[in-house]
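Data block below; observations after.
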Protein chains: 2
Amino acid sequence: MARETPLIQDVADYCLQKGFRFTEPRQFVLDIIARSKKPIGAYEVLEKLGKKLKNPKPPTAYRAIEFLSEHGFIHRIESLNAYIICQSDHLHKGSQFMICDQCGTVLETHLCDLPEPLVKKTRDAHFHLTRWNVELHGICQTCYKPV
Amino acid sequence: MARETPLIQDVADYCLQKGFRFTEPRQFVLDIIARSKKPIGAYEVLEKLGKKLKNPKPPTAYRAIEFLSEHGFIHRIESLNAYIICQSDHLHKGSQFMICDQCGTVLETHLCDLPEPLVKKTRDAHFHLTRWNVELHGICQTCYKPV
DNA sequence: TTTGATTTGTTACAATATAACATTTTAATA
DNA sequence: TATTAAAATGTTATATTGTAACAAATCAAA
């Protein structure tokens, strides 16, 4: 489930195999997002990218983010407009996140399949599922203080 | 599951009972979102609101949206930055949407509880869930054309 | 009819994201 | 190895989405 080989190497291999270029912006953005303990916004990525590249502009960050996201190495947390490294080790059609509304930490969990009650809903509606995103909001173990 | 009484009346009753004011901006915004076949963005709401109020500004739309959303009468579709009328008839902690990436139609489905595999994940992580949001992307029945 | 809480009006701006086009890089080809 | 075409980036400008801050109005209760 969890990654066993260095992320950068995996992505480099992936790109080599698929004929994509693992360019500086892509490497740096991957590294920035991977090092972030919490989801990080595009403009914060851009700011950190500025320490590596000379005066990068928003499209540089957004393009790298888009590339990494399309290929499943990072995920966008929609309710936060922020990005997080994929904590799973293989491509998946769906993501589940537990988002602590107090400290902002996000935990990704992996499910191979969409839970059956949801599958049933899509079947009943004749809906052809391509991908899914589950965002669970609450308080993480660390922040939770029972009354 | 589905609504049986007029939405506007329900919201009016709710406000009366809870001591909120069901003001013009709130009524109009509710009506605009309710009439929209698809999720509608805040600025499109604002534009339509302009036919009812004189020159409304963004905060007027956003405030009404926030109010209606907080009280469960509308939902925000995070992946579309857009809002949709609640298709269920009672307050719920979680939402599920089937989003057609071709025509943009969204179907809300109701689940009383979070599916067990997800509940298990939250239990294992000692995560205290307060609300959840599931966005299922794909192609709806109408748009789907088998090859 | 005053009061205080709620809600709105208004101005200004912050934060997030993309379009469009020029330039560079790269690997494959000629 | 020079050429070329695709992929990717650089750059400018702007679009889209969302909010802070404070003044004014509304409304129910005292």
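So that the names make sense, note that chain A is the first sequence line, chain B the second, and so on, each numbered from 1. Because only heavy atoms are used, hydrogens play no part in the values below, and waters and symmetry mates are left out as well, while side chains stay in. None of these values were measured; they are calculated from a predicted model.
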Applying a 4.0 Å non-hydrogen cut-off, can you work out what A:R63 is touching in the nucleic acid: base, sugar-phosphate, or nothing?
base
Classify A:Y83 by what it touches in the nucleic acid, base, sugar-phosphate, or nothing, heavy-atom distance under 4.0 Å.
sugar-phosphate
Please work out whether the ring planes of A:F20 and A:H71 are parallel, tilted or perpendicular, with thresholds of 30° and 60°.
tilted
Starting the side chain at C-beta, find the nucleotide from D:dT12, D:dT9, D:dT17 nearest to A:R26.
D:dT9
Report the relative orientation of the aromatic rings in A:H128 and B:Y144; use parallel for angles under 30°, tilted for 30 to 60°, perpendicular for over 60°.
parallel
Who passes ring-ring contact (aromatic ring centres under 6.0 Å, His included) against B:F22, sequence neighbours left out?
none
Please classify the nucleic acid contact of B:P56 as base, sugar-phosphate, or nothing, using heavy-atom distances under 4.0 Å.
nothing
Rounded off to whole Å, could you give me the CD-to-C1' distance for the B:E44 and D:dT17 pair?
14 Å
Under 3.5 Å, is there a donor-acceptor pair between the side chain of B:K54 and the main chain of B:K51?
no
Tell me, please, the opening and closing nucleotides of DNA chain C, 5' to 3', among those with an atom under 4.0 angstrom from a non-hydrogen atom of chain B.
C:dA5 to C:dT11
Without decimals, in angstroms, what is the distance between A:L46 CG and D:dT9 C1'?
14 Å
Of all the choices, D:dT17, D:dG10, D:dC27, which nucleotide is nearest to the side chain of B:Y62 once you look at every atom?
D:dT17
Closest-nucleotide 5' rank along DNA chain C - winner of B:K57 and B:F67:
B:F67
Which whole-number value in Å describes the distance from B:E47 CD to D:dG18 C1'?
18 Å
Whole Å only: how far is the CZ atom of A:F28 from the P atom of D:dA8?
17 Å
Nearest-Å distance, CG (B:L80) to P (D:dG18)?
11 Å
Flag as yes if B:Y43 stacks onto the base of D:dT17 (centroids under 5.5 Å, planes under 30°), otherwise no.
yes
Calculate the interatomic distance between B:F20 atom CZ and D:dC27 atom P; express it in whole Å.
17 Å
What are the two closest non-hydrogen atoms of A:L111 and B:K121, and how far apart are they?
CD2-CE, 3.7 Å
A:C100 versus B:F127, closest heavy-atom pair with distance
N-CE1, 4.0 Å
Yes or no on side-chain contact (heavy atoms from CB on, under 4.5 Å) for A:K52 and A:E24, after CA distance, side-chain angles and deciding distance?
CA-CA 9 Å; A:K52 300 284 193 171; A:E24 284 208 322; over 6 Å; no
Can a side chain N or O of B:R76 be found less than 4.0 Å away from OP1 or OP2 on D:dG18?
yes
Whole Å only: how far is the CG atom of A:N81 from the P atom of D:dT16?
17 Å
Atom NZ of A:K52 and atom C1' of D:dG10: how far apart are they, to the nearest Å?
20 Å
